[in-house]
A.B. asks: 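This is the structure, below, for whatever I ask next.
As the structure is a prediction and not an experimental result, all values here were calculated from the model.
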Amino acid sequence: MKHHWMAWILLGISVLGLAACAGRSQPTPTSTPALSATSPVAGSDVMELAMEGFKKGACGACHVIPGVPGAQGTLGPDLSQIAEVAEKRLESGEYTGKAKSVLDYLHEAIVEPDAFVAPDCNGVPCQKGLMPANLGALLSPAEIEAVVQYLYHPPEEVAEQTTSVPEEPSLTGEVPLLSEEEFAWAKQVYFERCAGCHGTLRKGATGPALTPDKTQPKGTLALASIIFNGTPRGMPDWGKQGFLTQEQTEIMAKFLQMEPPAPPEMSLEQMKQTWKVLVPPEQRPTQPQTTRNWQNYFVVTLRDAGQVAVIDGDTYEVVAKLDTGYAVHISRMSATGRYVYVIGRDGRLVMVDLWPEVPQKVAEVQTCYDARSVEVSKYKGELGDFTDRYAIVGCYWPPHFVILDGQTLEPFKIVSTRGYTIDMEEYHPEPRVAAIVASHFKPEWIVNIKEIGQIWLVDYSDPHNPTIKMIEAARYLHDGGWDATKRYFLVAANQSNKVAVVDALDGKLVALVDTPAVPHPGRGANWVDPQFGPVWSTAHLGDAAITTIGTDPVGHPQYAWKAVREIALPGSGSLFIKTHPTSPWIWVDMTLNSDPKLARTICVVAKSDPTQPYKCWEVADYGRATHFEYNRQGTEVWVSVWGTADKPGQTGEIVIYDDRTLQEKERIPNLITPTGKFNVYNTVNDIY
């Protein structure tokens, strides 16, 4: 499924939401709500019919329902005391639907779920569309009434349950069938759009595991609902966005209940078969051939076009569009800034030379089938000059990293990352390589091994025989960046809800900082807090907050490596946060929020008063707003509007703001799903 940066997908917070339901379990009601007229089911049949209705609707995949085996879902609200909650809503005037009684309320929630959308679903706003509108047609009238009566007044033995451990859902044994064509389609779409968050083997990471033992108990209806509608905590709404039809979501839901197909490996010989040197180093310019300010170029991912655009940061002209492969994830600059190393989710690495009058590709290679990270050698000091000598690609599948010649992209060393998790010491077949950064103190790359929770310090001074120091941190390491001194690397272990801090000089773990749900900083934001001094901030996919961590162990040791401030945002689903040393603002998006308006809304926080957002606004009237980058001078902020490739006029654009006044300056229209934007100067100098 889409995004990387996507993302980016939290299916495990799991399925259907009873839109009319409410918050966590409350004390048992002391009085019984008054009954309204309904079509009662014979008492002896209520339990059996209700259980059949809960099973058909896959309700337990989303809700806590007393007495229903495996009903411990966390996306929808707890239904333990829904009758009491409904009565209070009816009395308070908060309810805005058509029901006149508690029983009517419960009935309406099933047959017309969007008539009233409750304000809270386990700490996040409930959303329209997540509860299937066809549930009333799926269940028989008798099953609907049985479910209503069950929720209204659970059987006595169920009502007495308080602390018992619920049964785990079990495999149904009924694996859905797909045609050969449907299976091939689902396999490819999953690999392209879902594997980034859920894993190629579907064992989970940023998103939850999607193995049959997890998906079969939920069933096709529940899985299709979440694929189509998304979730409030970051799962994109693929159906609502138009990427998948209702029929396609059902095919994908069935595919997820089948055993994951085993993908192929890739050898060094296979990599070399894809290796091309388009312009040999000796034929490249020895000095810039362009009169443009190439250090102020922006290299922009045009995700669904399979391209990057090189845009002049002074004139806003598109200087070049270069074919680079499927779904480019990031672009990293060489130490000199001359070369751009572009890595896509198809594992294809492209090297672009910015010195010609029109930037051009000079080399390319495929090192894996799925990748997210690339970096080059940057160290120059007493241990040698390694400037642009080597490159490294971190892969999701196969799980390995590859070391290449930095000038030609010839691959020559593969290192597998398969290993054992730091907590349970269990073998993991798919520890993917997430963020990679180059140390400023040593000839080392800092390589984050996602699923097992290790941070590797890879010495590239002898790249054919690399020395690797393994640092245990926290599982599901993802993205991160340097502090302002470039000594400490902070990386989000997003499903562990922590930020790990590594001292690149001393080569050790400094701290693990607890954060709200699913931190996702991009590179993060370095700034000076008026109370806590130098800090670094991250936003979150799972919670509506910015977390700020102290980073000055010398001048402010009492705050160092602690979460010192939390700033509330209008919604969750943030992918990126950004600032600049000269800026008065911190910029943040909410790209993966399920509310379309919040998804295209950005906020700024004033550094002088970082207690709440200073201003929030919609960037466009369509799509999603994502990713920030400053120009070289630090006076402008570029924001992407991510549209849909097949919708003319709404494919996407870049909006440019004056960083001081927050006024819009320019729009660069008709770009195909622009995503990450990397300014040459800022990327070379790690300015964020």
Side-chain angles (χ1 to χ4, degrees), residues 199-201 203 205 263-275 329-330 332 341 343-349 365-379 383 386 388-422 425-439 442-473 475-480 489 491 500 502 504 507:
T200 302
L201 300 180
K203 292 184 177 294
E265 303 290 329
M266 182 178 280
S267 67
L268 184 62
E269 181 181 357
Q270 289 173 300
M271 295 177 196
K272 287 192 174 182
Q273 289 174 358
T274 72
W275 173 48
H329 191 65
I330 61 169
R332 288 289 177 258
Y341 298 82
I343 189 67
R345 295 192 182 195
D346 56 2
R348 183 181 174 193
L349 177 64
V365 68
Q366 184 178 17
T367 60
C368 46
Y369 303 107
D370 191 4
R372 294 295 188 280
S373 52
V374 63
E375 185 58 285
V376 293
S377 56
K378 295 182 176 180
Y379 176 80
L383 298 177
F386 295 90
D388 298 349
R389 190 183 301 180
Y390 306 117
I392 179 174
V393 173
C395 293
Y396 270 25
W397 190 270
H400 62 220
F401 65 78
V402 182
I403 303 177
L404 313 92
D405 184 288
Q407 296 296 305
T408 67
L409 299 190
E410 180 181 8
F412 60 83
K413 182 66 177 179
I414 305 173
V415 178
S416 174
T417 56
R418 290 181 169 101
Y420 292 81
T421 61
I422 64 167
E425 293 292 338
E426 294 175 337
Y427 177 75
H428 199 294
E430 191 188 359
R432 298 173 292 174
V433 181
I436 302 176
V437 295
S439 172
K442 303 173 185 177
E444 283 183 345
W445 289 305
I446 299 178
V447 180
N448 295 274
I449 315 300
K450 193 167 190 166
E451 279 73 15
I452 61 176
Q454 290 183 348
I455 299 171
W456 290 6
L457 307 183
V458 180
D459 187 328
Y460 56 72
S461 58
D462 182 6
H464 289 276
N465 304 283
T467 300
I468 300 175
K469 180 177 181 178
M470 301 177 179
I471 298 175
E472 294 192 347
R475 293 189 66 186
Y476 308 111
L477 299 161
H478 191 63
D479 55 350
F489 178 68
V491 58
V502 170

A.B. asks: Say whether, by atom type as modelled, one donor and one acceptor occur between the side chain of E265 and the main chain of P398 under 3.5 angstrom.
C.D. replies: no

A.B. asks: Determine whether V433 and V447 make a side-chain contact, defined as any pair of heavy atoms from C-beta on separated by less than 4.5 Å.
C.D. replies: yes

A.B. asks: I want to check something: taking the side chain as every heavy atom from C-beta on, are D370 and D346 in contact at a cut-off of under 4.5 Å?
C.D. replies: no

A.B. asks: Is it true that a side-chain atom of T417 and a backbone atom of I449 form a donor plus acceptor pair closer than 3.5 Å?
C.D. replies: no

A.B. asks: With a 4.5 Å heavy-atom cut-off, do P411 and L404 have their side chains touching?
C.D. replies: yes

A.B. asks: Begin from the C-alpha positions of I452 and Y420 and carry the test side chain to side chain contact (heavy atoms under 4.5 Å, CB included) through to its verdict.
C.D. replies: CA-CA 6 Å; I452 61 176; Y420 292 81; 5.9 Å; no

A.B. asks: What residues, two or more places apart in sequence or in another chain, satisfy side chain to side chain contact (heavy atoms under 4.5 Å, CB included) together with Q273?
C.D. replies: E269

A.B. asks: Grab the two heavy atoms, one from A500 and one from I455, that are nearest each other, plus how far apart they are.
C.D. replies: CB-CD1, 4.2 Å

A.B. asks: To check you understand the geometry: which heavy-atom pair defines the closest contact between V365 and L409, and what is its length?
C.D. replies: CG1-O, 3.7 Å

A.B. asks: Counting distance only, does the side-chain N/O of S461 pair as donor-acceptor with the main-chain N or O of P443 below 3.5 Å?
C.D. replies: no

A.B. asks: What is the minimum heavy-atom distance between I446 and A504, and which atoms define it?
C.D. replies: CD1-CB, 4.1 Å

A.B. asks: Apply side chain to side chain contact (heavy atoms under 4.5 Å, CB included) to E410 and W275, showing your working.
C.D. replies: CA-CA 7 Å; E410 180 181 8; W275 173 48; 3.3 Å; yes

A.B. asks: Under the rule for side chain to side chain contact (heavy atoms under 4.5 Å, CB included), what residues qualify as partners of L201, not counting sequence neighbours?
C.D. replies: K203, P263, W397, P429, E430

A.B. asks: Establish, for the pair R432 and Y396, whether the NZ or CZ atom is under 6.0 angstrom from the six-membered ring centre and no further than 45 degrees off its axis.
C.D. replies: yes

A.B. asks: Is any side-chain heavy atom of T421 closer than 4.5 Å to a side-chain heavy atom of R475?
C.D. replies: yes

A.B. asks: For I330, is there any backbone N or O sitting under 3.5 Å from a side-chain donor or acceptor partner on Y341?
C.D. replies: no

A.B. asks: If we only count heavy atoms from C-beta on, is the V415 to W456 side-chain gap below 4.5 Å?
C.D. replies: yes

A.B. asks: What closest approach, in Å, do G507 and K442 show between heavy atoms, and which atom pair accounts for it?
C.D. replies: N-NZ, 4.4 Å

A.B. asks: Between H400 (side chain only) and T367 (backbone N and O only), is there a donor and an acceptor less than 3.5 Å apart?
C.D. replies: yes

A.B. asks: Can you name the one residue among F489, F401, Y460 that meets ring pair (Phe, Tyr, Trp, His ring centres under 6.0 Å) with W445?
C.D. replies: Y460

A.B. asks: So, for E375 and K378, which heavy atoms are closest and what is the spacing to 0.1 Å?
C.D. replies: OE1-CE, 3.5 Å

A.B. asks: Tell me, with the steps shown, if V402 and C368 meet side chain to side chain contact (heavy atoms under 4.5 Å, CB included).
C.D. replies: CA-CA 9 Å; V402 182; C368 46; over 6 Å; no

A.B. asks: Below 4.5 Å, heavy atoms only, C-beta onward: do P463 and K413 meet side chain to side chain?
C.D. replies: no

A.B. asks: List the atom of P431, the atom of G419, and the distance in Å for their closest heavy-atom pair.
C.D. replies: CG-N, 3.8 Å

A.B. asks: Is it the case that the side chain of N448 and the backbone of A435 share a donor-acceptor pair, with hydrogens and angles ignored and the cut-off at 3.5 Å?
C.D. replies: yes

